[in-house]
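In the text below, chain A, chain B and the rest are named by the order of the sequence lines, each starting its count at 1.
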Amino acid sequence: MDLSDLNEIQAAAVKCIDAPVLIYAGAGSGKTRVLAHKIAFLVEEAGLEPSSILSVTFTNKAAGEMKSRVAALLPRLKGAKKSKMPSPVVGTFHSICARLLRHDIHHLGYQRDFVIYDKDDQVRLIKSVLEQHELDTQLYPPQYFQTRFSNAKNALEGGEELRSRAKGKDGDILATVFDSYQKALRRNNALDFDDLLLLPLELFSKHTDVRDRYREKFKYIMVDEYQDTNKAQFEFVKHLAVESCAITVVGDDDQSIYGWRGADIRNILDFHKTFKGAEIFKLEQNYRSSDVILKAAYEVVSRNQQRTEKKLWTAKEGGELIRIIVAEDERKEAEIVFQRIQHEVLVKKRRFGDLVVLYRTNAQSRAIEDVLRRRAIAYTIVGGPKFYERKEIKDVMAYLKLLVNPSDSVSLDRIINFPPRAIGDTSMNRLRAFSRDKDISLFSALDNGVEAGVQPKQAQAMQEFKGLIERYRELMGAAVSGPDAKGKSNSKKRESNGHLGVVELVTTLLEETRLRAYYRNQGTSESVDRTENIKSLIDSIEYFMEDDPEADLSHFLEETALLTDVDRWNDSTNSVTLMTLHSAKGLEFPVVIMTGMEEGLFPLMRTDDTDMDEEEERRLFYVGITRAEEQVYLTCAKNRRRWGGPPMQSALSRFLRELPEELVEWSTDSEAEALPSTVSAAARKHRSARTIQAQELAARAVLDDYVVGAFVEHKLFGKGQITGREGVGDRLKLSVQFNGETKKLVAKYAGLTRL
DNA sequence: TGAGAGTTTTTTTTT
DNA sequence: AAAACTCTCA
């Protein structure tokens, strides 16, 4: 097989298939290329079936990339009909485990149509457990339990460890609540994120026949971003590969940034202990960044004590200096971000899609977003207020989840009285007590309202609701038997007629429940957004179904639960990307603008408890810088307000001082504004840049001054005032009020002059 | 029971 | 500053 695309070390790592392989792959060292080649190599040279190779990636997006790169390398994969030729199994730990459990979870006494609880669902469930134990949720915040439980599970610990780690009564409470929480999950036929990783382990150790089946199936295992695996993930890999030793893992301890999520750096450092005779390769040639960027990044990260020594190098020389810009406050900082975008696009002739703005916390995006919106810069936010976490979306999803799995009491709780059906807390509490007493699911208890001591009117409403859900379950083609029957009913028999397509089903359901109408009739500007969001949820269900006509509702639910924000990010739209440093891992951009470079914010310091992990913060900084190919900007604000309070003075981030002086260039926002009036060479350069900008502005109206309220002049209509705007770039339309008459004009062609 | 006013908390990063 | 939660009154 042709490995001429690879350098010597890369090729050696690909060809080494007789021993476990650990590849230290620095940022931008071409590890995806290596992994893709190795899969192709295993197929071509070792004769493995593609479907017998399991490749674990960090995001689903990376999985998609991996698949298409492998396909490009394997002509027979590419040419063949997709359905004919099985492709390698590529996905994240979570999605691979979910798929596995859909197959085999019945061995553990769960039903296959389990739903996945996100953090919000978990907290709700914990809250109801706390109430059941009559614990004050003020004194015992559900959030806290959620974190503790998740950490415990990630470390493969349970109630006992929780008990012994905490002192005294707290330990008992933790253990008790944990126990009830687990039981509640099981009753609801639900798994939380951590269970997705844990249950396969339980399955493998209790049912070795199942484990052996998977060992047989997966003849070779590859794991990317190995430095970010936690204990459960490590055990999963170990189960499958410890005997065969047919495994390659790729990682970079300098890019380990998920310690807080249970990622265990020892997994990479102790790899050779678990997998005997491991071969280690270090990829140190970087194909992404300029020499300046690499040197700066190394200077910073090499201060860390806990790391294996490696130093990236590049064949490129020199590069643009790193620019640090100090702003007065976060508003000015956002202005600077805008100016730099403007500069890069107009002067350096870059596309908007070449730029990324990074920050430590999601909350920082707002100030930047405000300015970019005002300035009509097309931007895309990755993460932040997440679509699938919006209230209205969760409401609709709760209906869908309940259709798939009526045992899901968290979803039931959420929607039983939404839109209002006159079933309040009192009634529900009675019903809950009743269902616990009789040990039946909350859903089936809906029939027994009167028996549970609920008022007749409410009891009837409950029955009606149950009838509604059941009717739609039938329309959907689900087994009619209900939740308490054992889950041998297979989902795949909806060829039979009388069943609605998923989209029709959802639309009708939303009409009948009047949920959409509820939001539509609120009449607030917010409710307009919410209605829109519901619409786009339906659209995305439609797309999903078009993509995979075989899929059903539970597939859709699974996908939405496991997709990350980066997965949903469409990098082909030509717009500036805004995201957190964590989300940026694995990505690259010509220009990186890192904001909020202040002590306390980055490195981030929590005001209350535990002190920060300085080394991890530094690695995060390293990850940020090494995303850049050519240019890095670092900005900070001297004063910043955090959550509404008065502006607080902040000191420059220590990381700024750790950069070698000769590689950086400092300026402040006031200097930046003053530049054109001075006479230095740099300033002249800058001024000519401004001139170009002005011309470009008029011609392209991409970066414009057409703010609402501005006064403009039109050749024909004369003087007017801008009253509204829609669209961006060439499609920017302005509403302009001229002398009593309002006109809508396409900015590009209107030839307006700002007054 | 339901709506609206008033109060408190939140923010670290994410599967 | 916004969302989530609690309280009060009809």
(message) My understanding is that only residues two or more places apart in sequence, or in another chain, count here; which of them pass side chain to side chain donor-acceptor pair (under 3.5 Å) with T380(A)?
(response) S575(A)
(message) For DNA chain B, please output the secondary structure as dot-bracket, reading 5' to 3'. Pairs are Watson-Crick or G-U wobble, both atom distances under 3.5 Å; mark crossing pairs with [ ], other-strand partners with |, unpaired with a dot.
(response) ||||||||||.....
(message) Between Y379(A) and E369(A), do the side chains contain a donor N or O and an acceptor N or O under 3.5 Å apart?
(response) yes
(message) For the NZ atom of K394(A) and the CG atom of L400(A), what is their distance to the nearest 0.5 Å?
(response) 12.0 Å
(request) Name the nucleic acid region contacted by T59(A), choosing base, sugar-phosphate or nothing; use a 4.0 angstrom heavy-atom cut-off, strictly under. (result) nothing
(request) Tell me whether W260(A) is stacked on the nucleobase of dT13(B), counting only the six-membered base ring and applying the 5.5 Å and 30° thresholds. (result) yes
(request) Grab the CD-P distance between E330(A) and dA1(C) for me, whole Å please. (result) 10 Å
(message) Is the distance between the ring centroids of F234(A) and Y226(A) under 6.0 Å?
(response) no
(request) Quote, to the nearest angstrom, the C1' distance that separates dT6(C) from dT11(B). (result) 22 Å
(request) Kindly write out the residues that satisfy side chain to side chain donor-acceptor pair (under 3.5 Å) with Q132(A), not counting sequence neighbours, or none if the list is empty. (result) none
(request) Take atom NZ of K61(A) and atom P of dT14(B), then tell me their distance rounded to the nearest Å. (result) 16 Å
(request) For dT12(B), take OP1 and OP2 only and decide whether either is under 4.0 Å from a side-chain N or O of N362(A). (result) no
(message) Is the distance from the ring center of F236(A) to that of F204(A) below 6.0 Å?
(response) yes
(request) Take the protein atom CG of L563(A) and the nucleotide atom C1' of dT14(B), then report the distance between them rounded to whole Å. (result) 13 Å
(message) Rounded to whole Å, please give me the gap between CD in E599(A) and P in dT12(B).
(response) 17 Å
(message) List the residues meeting salt bridge (charged side-chain N to carboxylate O under 4.0 Å, His left out) with R360(A), not counting sequence neighbours, and say none if there are none.
(response) E617(A)
(request) Could you pull out all residues at least two apart from Y140(A) that satisfy side chain to side chain donor-acceptor pair (under 3.5 Å)? (result) none
(request) Measure from the side-chain N and O atoms of D195(A) to the backbone N and O of D192(A), and report whether any donor-acceptor pair falls under 3.5 Å. (result) yes
(request) For D120(A) and dT15(B), give me the distance from atom CG to atom C1', rounded to whole Å. (result) 15 Å
(message) Output the rounded distance in Å from CZ (R366(A)) to P (dA1(C)).
(response) 10 Å
At a cut-off of 3.5 Å, list every protein nitrogen or oxygen paired with a nitrogen or oxygen from nucleotides 1-8 of chain B, distance to 0.1 Å.
from: dT1(B); atom 1: OP1; to: S427(A); atom 2: OG; distance (Å): 2.8
from: dT1(B); atom 1: OP2; to: T426(A); atom 2: OG1; distance (Å): 2.5
from: dG2(B); atom 1: OP1; to: A422(A); atom 2: N; distance (Å): 2.7
from: dG2(B); atom 1: OP2; to: N417(A); atom 2: ND2; distance (Å): 2.8

(message) Between C1' on dC5(C) and CD on E131(A), what's the gap in Å once rounded to a whole number?
(response) 12 Å
